[in-house]
Undergrad: 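Here it is, the structure, as structure tokens.
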Amino acid sequence: MQNQYSNGNHDINNQPGDQMSGPVQDKGHNAGTRYYVLGIVTGILTMLAVALGAFGVVRFYRSALPFGGGSADPGMAAGQTTSITDKSVEQKLAVLEDTIGKYFWKDVEETTLEDGLYKGLLDALDDPYSVYYTSEERIALQQQTEGMYYGIGAYIQDGDAGYVQISRVIKNTPAEESGLMQGDYIYKVNDEDMQGKDKTYVVSKIKGEEHTYVKMTVIRENAPEPIDIDVERRKIESPTVEYEMYDNGMAYIQITEFDMVTTGQFESAYEQVKAEGMRGLIIDLRSNPGGNLSTVCDISRMLLPKGMIVYTEDKYGKREEYTCNGENQIQVPLVVLTNGYSASASEILAGAVKDYGIGKLVGTTTFGKGIVQKVIDLSDGSAIKLTVSSYFTPNGNNIHGIGIEPDVEIPFDAELYKNGTDNQLEKAKEVLAEMMR
């Protein structure tokens, strides 16, 4: 299987960057943790990152195979190798490592230094979407890409008094079954006090092996004392699609990201609104950071006419096309909601809708991420994600750094939203109603 990301996030990667998201997980995850050793050796480690990082990555990379097989570098002749290290570089690395060991003000784990070196090599590319992942981070990335993980089924956010707070409980999950509630503060996890712990740390303590239990102690408004709740960890499918029917046959489907589970979720929602008499459709891609290229293409094939969905080109001029047979072209008026956080895979769908003229875009200009990432596994369980190509809309537009302008521009009004009115959604309804006439 070839894992490609056009996000972002989601990262196509999930961010307007890289999106690493999922229930009981910080939705603001970016494109990978950066390890830097602070203090007087910062400059030394920067050089060490580039040099020793190259040595390690090349060593692993030569024995690894990219997803889908094939040469790691289509521009490299068989048997040809490149390296930025030589004997003098290796000698200098040994001196620098010895210097750190003697003079740095505290002990540093060797694995921490090594991971930081590899991350530094990718940082040197000056590309926020090219990232080194440790084996643990690689597993987390795979779970995010699939939209599946082992946890309890709840979202968390920063709360008061140094404790994170449950912001949402997903239906039909262990979190709901156990009695956890929106607004609960996570006081302890397995009797460990969570005060001052960030969301990532709390999530790491809550997640675990399937069919094991985690003891959560929560503080609930109006409860006289903390409540202990045992919650089973199970395989959770991240909800990435929601739908609703409005008056006059107007349907609404929101896609929050393009994970592997999203295709089935969208198809189910789409079939449901059609069964309920859909006469017009709003697809909400606002703040959708992107996700899997294959997923957005599969969803596009449920909507677009026959022709190109998107095509990519790498630095060698190799072109790859993703097409639609047009057998399922949408037959009702369509509006797509976008904003400045609609990125990558979201822009592939929005760009195709606009190029084919089968719907109208409403909102604000999209993020402008017109590049694709590829994840390459290394032999020790770690991985690198590299930007490998640019993508183009059906009309040949590369939107990187530009974005896609809406047909009907309307900025988001935060004050109205606080009072219960989503002005962009209301405008989309107006535009769709006119199209339906």
Side-chain angles (χ1 to χ4, degrees), residues 1-19 31 66-68 70 73-75 125 127-131 145 255 257-260 262-263 283 285 288-325 336 338-359 361 365-376 384-406:
M1 179 181 68
Q2 189 176 43
N3 256 346
Q4 285 191 328
Y5 300 77
S6 79
N7 148 287
N9 333 55
H10 358 288
D11 137 191
I12 314 171
N13 86 343
N14 270 10
Q15 350 179 27
D18 224 339
Q19 172 235 342
F67 290 151
D73 182 354
L125 299 177
D127 174 18
Y129 308 108
S130 293
V131 183
T145 302
I255 307 174
E257 57 196 61
F258 290 93
D259 296 335
M260 291 176 67
T262 307
T263 301
I283 297 179
L285 298 179
N288 180 323
N292 299 318
L293 178 57
S294 60
T295 297
V296 70
C297 288
D298 287 341
I299 290 174
S300 296
R301 293 184 181 106
M302 301 181 203
L303 302 166
L304 297 181
K306 184 177 181 179
M308 188 77 67
I309 300 171
V310 65
Y311 67 91
T312 65
E313 287 186 0
D314 64 17
K315 67 180 180 181
Y316 305 103
K318 181 181 177 181
R319 174 165 166 160
E320 188 165 2
E321 299 180 350
Y322 301 82
T323 60
C324 175
N325 61 22
V336 177
T338 63
N339 65 9
Y341 300 101
S342 304
S344 193
S346 296
E347 294 173 292
I348 288 177
L349 179 54
V353 167
K354 185 170 185 177
D355 281 5
Y356 283 113
I358 63 169
L361 272 54
T365 300
T366 61
F367 180 79
K369 183 177 183 292
I371 49 179
V372 179
Q373 282 71 46
K374 182 175 183 177
V375 175
I376 301 171
I384 56 174
K385 183 173 68 177
L386 291 175
T387 298
V388 295
S389 59
S390 299
Y391 75 77
F392 300 81
T393 70
N395 286 348
N397 299 315
N398 178 264
I399 54 85
H400 193 65
I402 301 170
I404 303 170
E405 293 184 0

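Bear in mind the structure is a predicted one, so any value in this text is a computation, not a measurement. The chain is numbered in sequence order, starting from 1.
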Undergrad: Got a donor-acceptor contact below 3.5 angstrom from the D298 side chain to the T263 backbone?
TA: no
Undergrad: Taking the side chain from N339 and the backbone from Y341, do they hold a donor-acceptor pair closer than 3.5 Å?
TA: yes
Undergrad: Would you check if there is a donor-acceptor pair between the side chains of E405 and T365 at a distance under 3.5 Å?
TA: no
Undergrad: So does T295 get a backbone contact from the side chain of N292, meaning a donor-acceptor N/O pair under 3.5 Å?
TA: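 Such a contact is absent between N292 side chain and T295 backbone.
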Undergrad: Decide yes or no for I255 and L285: does some side-chain heavy atom of the first lie under 4.5 Å from some side-chain heavy atom of the second?
TA: yes
Undergrad: Taking the six-membered ring of Y356, is the NZ or CZ of K306 close enough (under 6.0 Å from the centre) and on axis enough (within 45°)?
TA: no
Undergrad: Nearest 0.5 Å please: distance from the OH atom of Y322 over to the CG atom of L293.
TA: 4.5 Å
Undergrad: Locate the shortest heavy-atom distance separating T262 from E257; write the atom from each residue and the value.
TA: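 Closest heavy-atom pair between T262 and E257: OG1-O, 3.1 Å.
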Undergrad: Whether the side chain of E321 engages the backbone of V310 through a donor-acceptor N/O pair (distance < 3.5 Å, no angle test) should be reported.
TA: no
Undergrad: Nearest 0.5 angstrom please: R301 CZ to L303 CG, how far?
TA: 12.0 Å
Undergrad: What is the distance from atom CZ of F258 to atom OG of S294, rounded to the nearest 0.5 Å?
TA: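 These two atoms lie 11.5 Å from each other.
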Undergrad: Does the pair L386 and L125 meet the rule for a side-chain contact (heavy atoms from CB on, under 4.5 Å), with working shown?
TA: CA-CA 10 Å; L386 291 175; L125 299 177; 3.9 Å; yes
Undergrad: Is any side-chain heavy atom of I384 closer than 4.5 Å to one of S130?
TA: no
Undergrad: Any idea which heavy atoms bring S300 and C324 closest together, and the distance?
TA: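 So the minimum-distance heavy-atom pair works out to O-SG, 4.4 Å.
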Undergrad: Kindly say whether K369 contributes a backbone atom to a donor-acceptor pair with the side chain of E347 at under 3.5 angstrom?
TA: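 It does hold such a pair.
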Undergrad: Minimum heavy-atom separation for A352 to L304, with atom names?
TA: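 Distance-wise, the nearest heavy atoms are CB-CD1, 3.7 Å.
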Undergrad: In Å and rounded to the nearest 0.5 Å, what is the OG1 to CG distance from T366 to L349?
TA: 11.5 Å
Undergrad: Can you measure from OG1 (T338) to CD1 (I283) and round to the nearest 0.5 angstrom?
TA: 12.5 Å
Undergrad: For the residue pair S389 / D314, report whether a side-chain donor-acceptor contact shorter than 3.5 Å exists.
TA: no
Undergrad: Please report the C-alpha distance between N397 and D355 in whole Å, then the side-chain angles of each, then the deciding distance to 0.1 Å, and finally whether the side-chain contact (heavy atoms from CB on, under 4.5 Å) criterion is met.
TA: CA-CA 9 Å; N397 299 315; D355 281 5; 3.9 Å; yes
Undergrad: Determine yes or no for a side-chain-to-main-chain donor-acceptor pair under 3.5 angstrom, with N288 supplying the side chain and G290 the backbone.
TA: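 Yes, the answer is positive, given that a donor and an acceptor are paired below the 3.5 Å cut-off.
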Undergrad: Could you check whether E320 pairs with K318 (Lys NZ or Arg NE/NH1/NH2 to Asp/Glu carboxylate O, under 4.0 Å)?
TA: no
Undergrad: Please name the pair of heavy atoms, one in Y311 and one in G396, separated by the smallest distance, quoted to 0.1 Å.
TA: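 Heavy atoms of Y311 and G396 come nearest at OH-CA, 3.4 Å.
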Undergrad: Counting C-beta onward and ignoring hydrogens, is there a side-chain heavy-atom pair between K354 and I404 closer than 4.5 Å?
TA: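 Heavy-atom side-chain distance check passes, below 4.5 Å.
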Undergrad: Measuring from Y129:OH to Q373:CD, what's the distance to the nearest 0.5 Å?
TA: 7.5 Å
Undergrad: State whether the side chain of T387 and the backbone N or O of V372 hold a donor-acceptor pair below 3.5 Å, judged by distance alone.
TA: no
Undergrad: Is the backbone of H400 close enough, under 3.5 Å, to the side chain of N398 for a donor and an acceptor to pair up by distance?
TA: yes
Undergrad: Within the distance-only criterion (no hydrogens, no angle test), does the side chain of T393 pair as donor or acceptor with the backbone N or O of I348 below 3.5 angstrom?
TA: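 Answer holds: no.
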